[in-house]
Amino acid sequence: RVLDADGLVALPGFVDLHTHLREPGREDTETIATGSAAAALGGYTAVFAMANTDPVADNAVVVEHVWRRGREVGLVDVHPVGAVTVGLKGEKLAELGTMAASKAGVRVFSDDGLCVADPLIMRRALEYTRSLDAVIAQHAEEPRLTVGAQAHEGERAARLGLAGWPAAAEESIVARDCLLAKQVDARLHVCHVSTSGTVDVLRWAKARGTKVSAEVTPHHLLLTDERLEGYDPVNKVNPPLRTESDVQVLREALAEGVLDCVATDHAPHAVQDKDCEWSAARPGMLGLQTALSIVVKTLVRPGLLDWRGVARVMSERPAEIAGLPDQGRPLAVGEPATLVLVDPRAHWVVRGAELASISGNTPFEGMELPAVVHTTMLRGRVTVTEGKVQS
Ligand code: DOR
Ligand code: ZN
Ligand code: ZN
């Protein structure tokens with residue numbers, strides 16, 4: 001096969017620290033096979049599959065199942081994330097050591113979907129993961145401040161009659177966890193940062209030597225709570241879409257490095273869970289196939305990030321945070337390539353029905369976006385070329 005890369009940009013394969021693949025349990029919305037295809041089409045060569053499946057990935061049996069299925073599909077490296085607490089209930093630590101020692105070699109733990117809210121459990125989890133050289137990825141949401149919350153707390157939600165999700169619900173947990181992580185010298189990763197106040201907290205924590213990293217989603221880099229008008233539940237997500245000024249601060253913080261990387265929070269949902277009343281809809285949106293284009297639109301085109309920076313936020317930093325030695329870095333001589341070739345001049349129009357995911361809940365429906373993934377290669381094997389999965 002001859003591969004013509006004239007005019008294309010070569011980057012290390014993308015690494016997504018935050019993907020919901022829904023298998024086991026909700027294979028009607030996504031499977032490891034369909035999610036892997038979406039990832040490869042988006043330029044990814046590794047994804048971290050979140051633990052809020054059914055059953056929850058809180059033990060070696062489930063994480064090994066996800067790991068094995070990912071290998072069978074073979075399009076991207078699927079790394080299972082282990083739950084921090086049994087059943088995501090927040091009461092009792094899961095067997096983190098057993099999951100770390102399993103075939104899946106779990107190095108990232110998270111109760112994402114829910115927050116590890118109890119400070120004592122969180123502190124013990126941080127101590128435990130420090131001993132495993134692992135990292136906790138925290139969905140930062142103080143649950144007592146978000147009871148019934150439906151949208152970003154502010155003037156718009158109030159006018160539309162939607163109960164508010166205050167910025168402080170996120171910021172207070174991030175501040176607390178940074179203090180705990182510093183105290184026990186553990187690593188903390190903050191999921192989907194959505195407010196400018198969280199950026200302030202991270203800046204402060206990093207300046208005092210906290211081992212903290214943070215991700216931002218493509219949707220929080222582009223969309224605002226203006227999307228609440230019309231009540232289309234495709235725009236419902238946790239944490240919620242925030243304000244124009246939050247979006248601007250998130251973009252600048254990512255360019256500066258206060259935010260380390262982009263992670264999709266790819267969250268497929270069934271039609272009946274989105275095509276309903278706002279209050280009944282599930283939070284979450286697709287992200288794997290649109291992430292690169294949103295980064296180009298929000299950061300590269302406005303001149304905040306160059307292609308070197310794209311490699312940093314989509315690949316190098318996430319690989320470092322998760323401890324992947326063989327991704328997100330330049331190739332050694334003779335090493336099979338794990339890379340993505342991007343056409344920076346091409347455009348495409350997003351159609352949810354045409355994405356590889358089983359679900360179609362993209363908030364970018366009908367948008368014309370810049371940059372197209374031309375080829376994705378995993379250890380020398382072409383997984384995607386010219387928009388098609390090579391199985
Ligand atoms: O919007 C979200 N969807 N946020 C989460 O934390 C969980 C996710 C999901 O699992 O659907
Ligand atoms: Zn989350
Ligand atoms: Zn998530």
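All values derive from a computational prediction rather than experimental measurement. In listed order, ligands and their atoms are each counted from 1.
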- Message: the Zn ion (ligand 2) and Asp112: any N/O/S contact shorter than 2.8 Å?
- Response: yes

- Consider only side-chain N and O atoms of Glu252 and Gln248, and report whether a donor and an acceptor are under 3.5 Å apart. yes

- Short side-chain to backbone donor-acceptor contact, Arg130 and Val184, under 3.5 Å: yes

- Any chance you could measure Ile294, atom CD1, to Gln289, atom CD, to the nearest 0.5 Å? 12.5 Å

- Item | Contact check, side chains of Val15 and Phe48, non-hydrogen atoms, under 4.5 Å | yes

- Query: Counting heavy atoms only, which part of Arg282 comes closer than 4.0 Å to ligand 1: side chain, backbone, both or neither?
  - Reply: neither

- For ligand 1, which atoms, with element, lie under 4.0 Å from some heavy atom of His269? 11 (O)

- Determine which of the N, O or S atoms in His139 is closest to the Zn ion (ligand 2) and give its atom name. ND1

- Min N/O separation Ala267 to ligand 1 under 3.5 Å: no

- Task: Starting from atom 4 (N) of ligand 1, find the nearest protein heavy-atom neighbour and note its residue, name and distance.
- Result: Asn238 O, 3.0 Å

- One finds that the ligand 1 atoms under 4.0 Å from a non-hydrogen atom of Val237 are 1 (O)

- Message: Does any N or O of ligand 1 fall below 3.5 Å from an N or O anywhere on Gly284, backbone included?
- Response: yes

- Tell me, do Trp67 and Glu72 make a side-chain contact under 4.5 Å, heavy atoms counted? no

- Message: Among all protein heavy atoms in this structure, tell me which lies nearest to atom 7 (C) of ligand 1, with the distance rounded to 0.1 Å.
- Response: Gly113 CA, 3.7 Å

- Report yes or no: does His18 have an N/O/S atom closer than 2.8 Å to the Zn ion (ligand 2)? no

- Atom of His192 nearest the Zn ion (ligand 2) (restricted to N/O/S, atom name only): NE2

- Identify, by name, the N, O or S atom of Asp265 lying closest to the Zn ion (ligand 3). OD1

- Under a 4.0 Å N-O cut-off, is there an ion pair linking Asp185 with Lys211? yes

- Note on the structure: Contact region, Arg22 to ligand 1, non-hydrogen atoms below 4.0 Å, reads side chain

- Message: Under 4.0 Å from a heavy atom of Pro283: which atoms of ligand 1 are those, numbered in the order shown and with their elements?
- Response: 1 (O), 2 (C), 3 (N), 11 (O)

- If you measure only the distance, is there a donor-acceptor pair under 3.5 Å linking the side chains of His139 and Asp111? no

- Could you tell me whether Asp58 and Lys89 make a salt bridge, using a distance below 4.0 angstrom between a side-chain N and a carboxylate O? no

- Message: Would you say the Zn ion (ligand 3) has Cys191 as a near neighbour, meaning an N/O/S atom of that residue under 2.8 Å away?
- Response: no

- For atom 8 (C) of ligand 1, find the nearest protein heavy atom and state the residue, atom name and distance (0.1 Å precision). His20 NE2, 3.7 Å

- Note on the structure: Note: His139, heavy atoms under 4.0 Å from ligand 1, region reported as side chain

- Message: Closer than 4.0 angstrom, basic N to acidic O: yes or no for Arg312 and Glu320?
- Response: no

- Message: Any non-hydrogen side-chain atom of Leu21 less than 4.5 Å from a side-chain atom of Val66?
- Response: no

- Between His192 and His18, is the gap from one ring center to the other below 6.0 Å? yes

